[in-house]
Amino acid sequence: MSDGNLKIGFLKPGAGSIHYDEFAAMVPEGIDLEMVELGVLRSALTDFAARADAVIERATTMTREHGWQGVIVPGAPVEVQNPGLRARLSEALDVPFTTALGAGENALRAFGASRILLLTPFDSYMNSLIVPHLTAAGFDVQLADLGFNSEQEAVHLDGGVVFDMVRGAVQASDGVQALYFQGAVLNPLPVIDDMEAEFGLPVVASNPAMLWSVASQLGGSFSIEGKGRLVREWPPLP
């Protein structure tokens, strides 16, 4: 790590995937992002349930051992299946951190968006946990009906296919103020600027939002082109 760089840890909740590589490639100079496995083995998203102790232990241990200045704990399924996880992380960690949902909520607030279209690769059960979580956080949520039975169905979708799916979902929505992608395997990053241009709405995606959130907490301010308004304009945390 060169002097002055922000050293941020990223606890991958699943096995390596192309969307991690694309996310790593967008990290600007001035940030050292270190990705390590969360270490909670799973064969299904529901295996993350009731694993808060393991998540917190991993986050605190890796932060100490790697000298991270900030921590990203991604994975909406991790958070919604472990109620109170965010508060417990706040107590356990002595560095800034964010979760996928926490960063998404702050990004939406930074755009003044309360009426949102939620787009996920998850099945109906997982969506049934995420929607009430966002509602409790003060958002009016319209859930896009994308028809996924497993997040794995979204892993290899071409950006153009994702764009077409979103276009249909936007046309079926009613007066939303932002699009919110939660679940990085449904990857809007290759077409996020085109989406914002066509729909005239900010598009919040979980990985860029988490980077923005933690780097902002550490006093960083950047401008990343081609990955959406949030990381290009870099608004202050609300």
Side-chain angles (χ1 to χ4, degrees), residues 1-12 19-35 63 67-76 79 86 89-90 93 95-119 134 137-139 159 162-163 166 176-184 186-238:
M1 183 183 72
S2 61
D3 289 346
N5 280 15
L6 305 179
K7 190 172 185 181
I8 297 172
F10 183 99
L11 295 172
K12 298 191 295 183
H19 72 272
Y20 289 136
D21 295 337
E22 184 168 4
F23 175 46
M26 67 169 279
V27 175
E29 291 186 9
I31 296 177
D32 290 324
L33 185 72
E34 186 173 7
M35 293 189 177
T63 298
W68 293 339
Q69 297 168 290
V71 186
I72 293 172
V73 183
E79 184 168 358
R86 209 180 298 174
L89 284 167
S90 182
L93 291 167
V95 298
F97 75 95
T98 194
T99 63
L101 287 164
E105 291 161 16
N106 278 333
L108 292 166
R109 293 184 183 112
F111 286 124
S114 59
R115 188 174 177 86
I116 64 172
L117 179 63
L118 174 65
L119 304 113
L134 292 171
F139 296 96
V162 173
F163 202 149
V166 174
V176 297
Q177 299 167 311
L179 311 185
Y180 178 28
F181 283 81
Q182 185 52 257
L186 182 62
N187 183 16
L189 295 186
V191 290
I192 191 169
D193 280 1
D194 294 333
M195 287 183 183
E196 291 184 326
E198 178 168 325
F199 305 134
L201 297 168
V203 178
V204 171
S206 56
N207 278 342
M210 290 186 289
L211 184 68
W212 162 81
S213 176
V214 168
S216 294
Q217 291 179 66
L218 291 169
S221 181
F222 301 87
S223 182
I224 304 170
E225 293 293 332
K227 301 302 179 185
R229 281 181 57 193
L230 181 69
V231 291
R232 183 177 66 252
E233 299 178 359
W234 209 273
L237 284 167

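Predicted model only: the values in this text are computed from it and were never measured.
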Taking every heavy atom of A113 against every heavy atom of A178, the minimum-distance pair comes out as CB-CB, 3.6 Å

Minimal heavy-atom distance between P96 and Q217, with the atoms involved, is CB-OE1, 3.4 Å

Decide yes or no for L179 and P202: does some side-chain heavy atom of the first lie under 4.5 Å from some side-chain heavy atom of the second? no

Margin query: I'd like to know if the side chain of S216 pairs up with that of W234 as donor and acceptor (distance under 3.5 Å, no hydrogens or angles considered).
Written below: yes

Check your understanding: Within the side chain of W212, is there an N or O that forms a donor-acceptor pair under 3.5 Å with the backbone of P235?
Key -> yes

Would you say the side chain of V214 lies within less than 4.5 Å of the side chain of F97, judging by non-hydrogen atoms? no

- N5 side chain to D32 backbone, donor-acceptor under 3.5 Å: no

In this structure, CG of L117 is separated from CG of L201 (nearest 0.5 Å) by 9.0 Å

Give a yes or no on whether the backbone of R232 and the side-chain of S223 come within a donor-acceptor separation of less than 3.5 Å. yes

query = Taking the side chain as C-beta and beyond, is there a heavy-atom pair between I72 and L11 under 4.5 Å?
reply = no

**Request:** Apply ring-ring contact (aromatic ring centres under 6.0 Å, His included) to F23 and F10, showing your working.
**Result:** CA-CA 11 Å; F23 175 46; F10 183 99; 5.4 Å; yes

Check your understanding: Can you find a heavy atom in the side chain of L6 that is under 4.5 Å from one in the side chain of L33?
Key -> no

R86 meets the salt bridge (charged side-chain N to carboxylate O under 4.0 Å, His left out) criterion, sequence neighbours left out, with E79, E105

- Message: One pair to check against side-chain contact (heavy atoms from CB on, under 4.5 Å): I8 and Q69. What are the steps and the verdict?
- Response: CA-CA 6 Å; I8 297 172; Q69 297 168 290; 5.9 Å; no

Worksheet entry | Stepwise side-chain contact (heavy atoms from CB on, under 4.5 Å) check, V231 with M26 | CA-CA 10 Å; V231 291; M26 67 169 279; 4.1 Å; yes

**OP:** Please check if the side chain of E196 supplies one atom and the backbone of R229 the other of a donor-acceptor pair under 3.5 Å.
**Re:** yes

Any side-chain heavy atom of I116 sitting closer than 4.5 Å to one from V176? no

Looking only at heavy atoms, the pair that brings V203 and I192 closest together is O-CD1, 3.6 Å

Legend entry - side-chain contact (heavy atoms from CB on, under 4.5 Å) between W68 and L93, intermediate numbers included: CA-CA 11 Å; W68 293 339; L93 291 167; over 6 Å; no

Compare all side-chain heavy atoms of F163 with those of E198 and state whether any distance is below 4.5 angstrom.
yes

Y20 and E22: side-chain donor and acceptor closer than 3.5 Å? no

Closest heavy-atom pair, A100 versus G75, reported as atoms and distance to 0.1 Å, is CB-N, 3.7 Å

Scanning both residues in full, the closest heavy-atom pair of P238 with A110 reads CG-N, 4.1 Å

Closest non-hydrogen atoms of K7 and G67, given as atom of the first, atom of the second and distance, are CD-O, 3.8 Å

Heavy-atom side-chain contact between V204 and F181 under 4.5 Å
no

Rounded to the nearest 0.5 angstrom, the CG-CD1 distance for L211 and I224 is 5.5 Å

**Q.** Whether Q177 side chain and S114 backbone form a donor-acceptor pair below 3.5 Å
**A.** yes

Is L108 close to F139 at the side-chain level, that is, under 4.5 Å between some pair of heavy atoms?
yes

